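Keep in mind it's a predicted model, so treat the numbers as computed, not measured.
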Amino acid sequence: MAAGECDLPGVGLHFDQVNEVSVLEPEVAEQSNQLAEECKEFMTKMEELRKIIQSFKEIMDITAAETESAKMEAIATRGILKSAVKQRKAKQHQLHALILEKKMELERLKVRQSSLKKVIQDSNEFIEQLIASK
């Protein structure tokens, strides 16, 4: 080596692409730059994924709320239907009891009618006997 010359690569110093002194070897500097670029791309993709996940979560929250609302509406409708069935059965029982009551009253009235016919017949016979005996 001549006097005044320095062995820069020997001491770990190198010139980069713009002729600036660098402590990294050119291959290592290039790999470092590539890694930094890949990291930026990865972070960009991760941010896109985060946005997609956030959007998906919002859609799922809306869907869950709609589903819960539909579920509550179905439960209320089922309750109304059960109540209507109970009311219908109660009305049926009430009408059945009324029919039985009316049948009993009809039988009572038939017996009374029969009794009154007998009284009328007996009265008519008595009147005829009185008229015939005069």
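- With rounding to the nearest 0.5 Å, the separation of NZ in Lys118 from CD1 in Ile120 is 12.5 Å.
- When atom types are taken as modelled, the side chain of Ser133 and the backbone of Gln129 share a donor-acceptor pair closer than 3.5 angstrom.
- Listed by chain and number, the residues in a side chain to side chain donor-acceptor pair (under 3.5 Å) with Lys57 are Asp61 (sequence neighbours excluded).
- Side-chain contact check for Lys110 versus Leu106: some heavy-atom pair is nearer than 4.5 Å.
- For Met43, the CE atom sits in a loose shell: 12 or fewer heavy atoms of surrounding residues, nucleotides or ligands are nearer than 6.0 Å.
- Expressed to the nearest 0.5 Å, how far CD1 of Ile99 lies from NZ of Lys102 amounts to 11.0 Å.
- Salt-bridge check for Arg50 with Glu47: passed, with a basic side-chain N closer than 4.0 Å to an acidic carboxylate O.
- Looking at Gln31 and Leu35, their side chains never come closer than 4.5 Å, going by heavy atoms from C-beta outward.
- The shortest side-chain heavy-atom distance between His93 and His96 does not fall under the 4.5 Å cut-off.
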Can you check side-chain contact (heavy atoms from CB on, under 4.5 Å) on Thr44 and Glu48, steps first, answer last?
-> CA-CA 6 Å; Thr44 301; Glu48 289 174 11; 3.8 Å; yes
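- The distance from atom CE of Met60 to atom OG1 of Thr67, rounded to the nearest 0.5 Å, is 8.0 Å.
- Note that CD1 of Ile75 and CD1 of Ile80 are 12.5 Å apart. Values are rounded to the nearest 0.5 Å.
- For Gln34, the CD atom counts as densely surrounded, since its 6.0 Å shell holds more than 12 non-hydrogen atoms of other residues, nucleotides or ligands.
- In this structure, CZ in Arg88 is found 10.5 Å from OG in Ser83, a value given to the nearest 0.5 Å.
- Counting only N and O atoms by type, the side chains of Glu58 and Gln54 include a donor and acceptor under 3.5 Å apart.
- Side-chain contact check for Leu81 versus Val85: every heavy-atom pair is 4.5 Å or farther apart.
- Exactly one residue among Ile59, Ile53, Ile52 makes a side-chain contact (heavy atoms from CB on, under 4.5 Å) with Ser55. That residue is Ile59.
- Remark: Asp122 CG to Leu116 CG distance equals 11.5 Å, nearest 0.5 Å.
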